[in-house]
Amino acid sequence: MSYSNHILQSLDPAAGEAKIFTILQAVNDPEVPVLSVIDLGIIRDIKDLGESVEITITPTYSGCPAMDVISMNIRLALISHGYKNVIIKQVLSPAWTTDWMTEEGKQKLKKYGIAPPNPKQQVCNQDLFAPDEAVQCPHCNSYHTHRISEFGSTACKALYQCDDCREPFDYFKCH
Amino acid sequence: MPNQSTNQLINYLLSNGDNALIIGHRNSEWCGHGPVLEQDIAITNISLDLIGQARNFYQYAASLIGNDSNEDKLAYLREAIEFKNCLLVELPRGDWGFTVLRQFFFSAYQFYLYQQLQQNKDEQLAAITAKSIKEVTYHLRWSSEWVIRLGDGTEESHSRIVKALDELWSYTSELFLPAPYEEKMGIDISGIKDKWIQKVNEVLCEATLTAPSPKNEHTGGKQGRHTEHLNELLKDLQYLQRTYPGMEW
Ligand SMILES: [Zn+2]
């Protein structure tokens, strides 16, 4: 079960929290615009307190520059749906992991041309000069790929190339 | 007015935040100047992680300080004498060998320190370090590989990293000399030191390098006694807020 389903089940539909969840499904990550904040797994709690709404989020990386923009976009989306007093809380614990990304999010990434993160347990090799993680090409599904750079356009992605179809692609690193 | 143990925690948070901010700033000086594009991006991302860690420490410290303290004031409006970072992190970036060896010494220290701090009885300090240790694990792996690559590389790379080792070594002992505000934080500094020495010897050995014998030790940064390099760095880091107070992007 992914983390956001877990949140959904804990929500009280009568209190309007399920409606807020639906609104958040349309708020996207500015750096990976195909993913919503729900897909990304960074929404930790939703509280509809009547007078106000309280959203708890957790950052992906300590220095992720997108977090401030994400908070602002969540606020704007809720205000545009008539919510007046929006409180956004940030928590660090437990630390975010790509294992919290939804299945739907992973499928969206792949369709968009970004290889989704491998499950964390498969790739915890911390050895020096460890071989590249086996990553499936999002275009032709081949596993004959190699890493070009540990970092891509953002901290959360690495750059890979497919040895079969020759296409370069981004890999959303497991974290 | 925060009580004595809160004050101690504030100083401890500032010291950890300052270490992360200052080495993060030094690494950021490589942006656009890295030896190859991939490594330019790697060192810049490491900066981003470290500055993000500094923000977490500062935000927590500011909440304990109260009044109208905030992360920006702590980073941009303190004088050098108020900074509690160790001297190791403020030294100029030097060449690539100097930068990666310094990062290796620092990351190994941070790794074993955060391993302990993520169990700290202060929940927020534990949360910040548990979050950061994933990033530090990568920094340690990345810098270890580079130390080995340069040490066991060409004659030129070997001689450069030997020189860096000679210059940096006397700044490492400060990491393990507790300042008064570190003493009651429930950390076992000598345990961290033992693990650090073991890790450093392991990597240096693989890099065909030998740790120099101890000579003059440079200390005092944790108590606010800095080299002139920190002033120079802060002139750059704090320029905008000093020149246009309250300026926002
Ligand atoms: Zn392919």
Side-chain angles (χ1 to χ4, degrees), chain A residues 31 41-42 44 56-72 88-100 117 120-121 123-133 146-161 168 170-171 173-175, chain B residues 17 20-21 24 27-28 34 36-57 59-60 104 111 114 118 120 123-149 152 199 202-203 206-207 249:
Chain A
E31 288 187 340
I42 60 170
R44 301 290 302 283
T56 306
I57 62 175
T58 193
T60 50
Y61 287 70
S62 297
C64 177
M67 290 313 291
D68 292 339
V69 180
I70 289 174
S71 299
M72 192 180 69
I88 298 178
K89 288 204 316 196
Q90 196 174 327
V91 294
L92 296 172
S93 176
W96 177 81
T97 153
T98 41
D99 287 352
W100 292 353
K120 226 184 148 223
Q121 282 193 325
V123 284
C124 53
N125 188 351
Q126 291 302 335
D127 292 352
L128 297 182
F129 304 102
D132 296 352
E133 221 177 287
H146 68 275
R147 193 175 73 200
I148 297 174
S149 167
E150 182 132 7
F151 292 98
S153 50
T154 63
C156 58
K157 285 175 267 162
L159 195 59
Y160 270 71
Q161 187 177 19
D170 269 333
Y171 166 53
K173 281 182 281 190
C174 93
H175 186 69
Chain B
L21 177 71
N27 288 342
S28 78
V36 290
L37 183 60
E38 176 181 355
Q39 297 309 324
D40 190 295
I41 301 173
I43 191 87
T44 315
N45 272 291
I46 291 170
S47 289
L48 202 60
D49 288 340
L50 289 163
I51 293 167
Q53 290 175 22
R55 288 188 63 188
N56 288 335
F57 285 119
Q59 283 168 6
Y60 183 29
F104 168 64
F111 181 78
Y114 286 9
Q118 62 181 344
N120 200 271
E123 280 179 20
Q124 184 63 8
L125 177 58
I128 293 172
T129 47
K131 171 84 199 153
S132 306
I133 200 164
K134 294 209 244 182
E135 296 144 13
V136 173
T137 305
Y138 164 70
H139 303 167
L140 180 57
R141 180 162 61 83
W142 176 88
S143 57
S144 302
E145 287 178 359
W146 268 103
V147 169
I148 294 166
R149 206 173 274 135
D152 192 19
K199 178 78 186 171
E202 221 174 86
V203 170
E206 210 177 326
W249 289 111

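Just so we're on the same page: letters track the sequence lines, and every chain starts at 1.
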message = Among B:S144, B:A130, B:A42, B:A126, which residue has the highest count of heavy-atom pairs closer than 4.5 Å to chain A?
response = B:A42
task = Hey, could you give me the OG/CD distance between A:S93 and B:Q118, rounded to the nearest 0.5 Å?
result = 10.0 Å
message = So does A:A95 get a backbone contact from the side chain of B:K134, meaning a donor-acceptor N/O pair under 3.5 Å?
response = no
Top of B:I148, B:I51, B:L140 for chain A proximity - count of heavy-atom pairs under 4.5 angstrom = B:I148
CA sep, side-chain torsions, deciding dist, call: A:E150, B:W142, side chain to side chain contact (heavy atoms under 4.5 Å, CB included) = CA-CA 10 Å; A:E150 182 132 7; B:W142 176 88; 5.7 Å; no
Under 4.5 Å from a heavy atom of chain B, the part of A:T97 involved = both
inquiry  = Is A:P59 close to chain B through its backbone or its side chain, or both, or neither, when contacts mean heavy atoms under 4.5 Å?
reply    = both
query = Of the backbone (N, CA, C, O) and the side chain (C-beta and beyond), which part of B:I128 lies under 4.5 Å from a heavy atom of chain A, both, or neither?
reply = both
query = Tell me, side chain or backbone of B:N56 under 4.5 Å from chain A's heavy atoms, or both, or neither?
reply = side chain
task = Would you mind reporting whether B:K131 and A:W96 have side-chain heavy atoms less than 4.5 Å apart?
result = yes
inquiry  = Tell me whether B:E135 contacts the main-chain N or O of A:S62 through its side chain, where contact means a donor paired with an acceptor under 3.5 Å.
reply    = yes
task = Calculate, to the nearest 0.5 Å, the distance between atoms CD and CG belonging to B:E123 and A:L92 respectively.
result = 12.5 Å
ask   = Which bit of A:L159 is near chain B, if near means a heavy-atom gap under 4.5 Å: side chain, backbone, both or neither?
value = neither
ask   = What part of B:L37 is in contact with chain A, defined as an atom under 4.5 angstrom from a non-hydrogen atom: side chain, backbone, both or neither?
value = neither
inquiry  = Between B:Q124 and chain A, with a heavy-atom cut-off of 4.5 Å, which part of the residue counts as in contact: side chain, backbone, both or neither?
reply    = side chain
key: Atom pair CZ/CZ of B:R141 and A:F129 - distance to nearest 0.5 Å   = 10.5 Å
key: Interatomic distance, A:K173 atom NZ to B:Y138 atom OH [nearest 0.5 angstrom]   = 6.0 Å
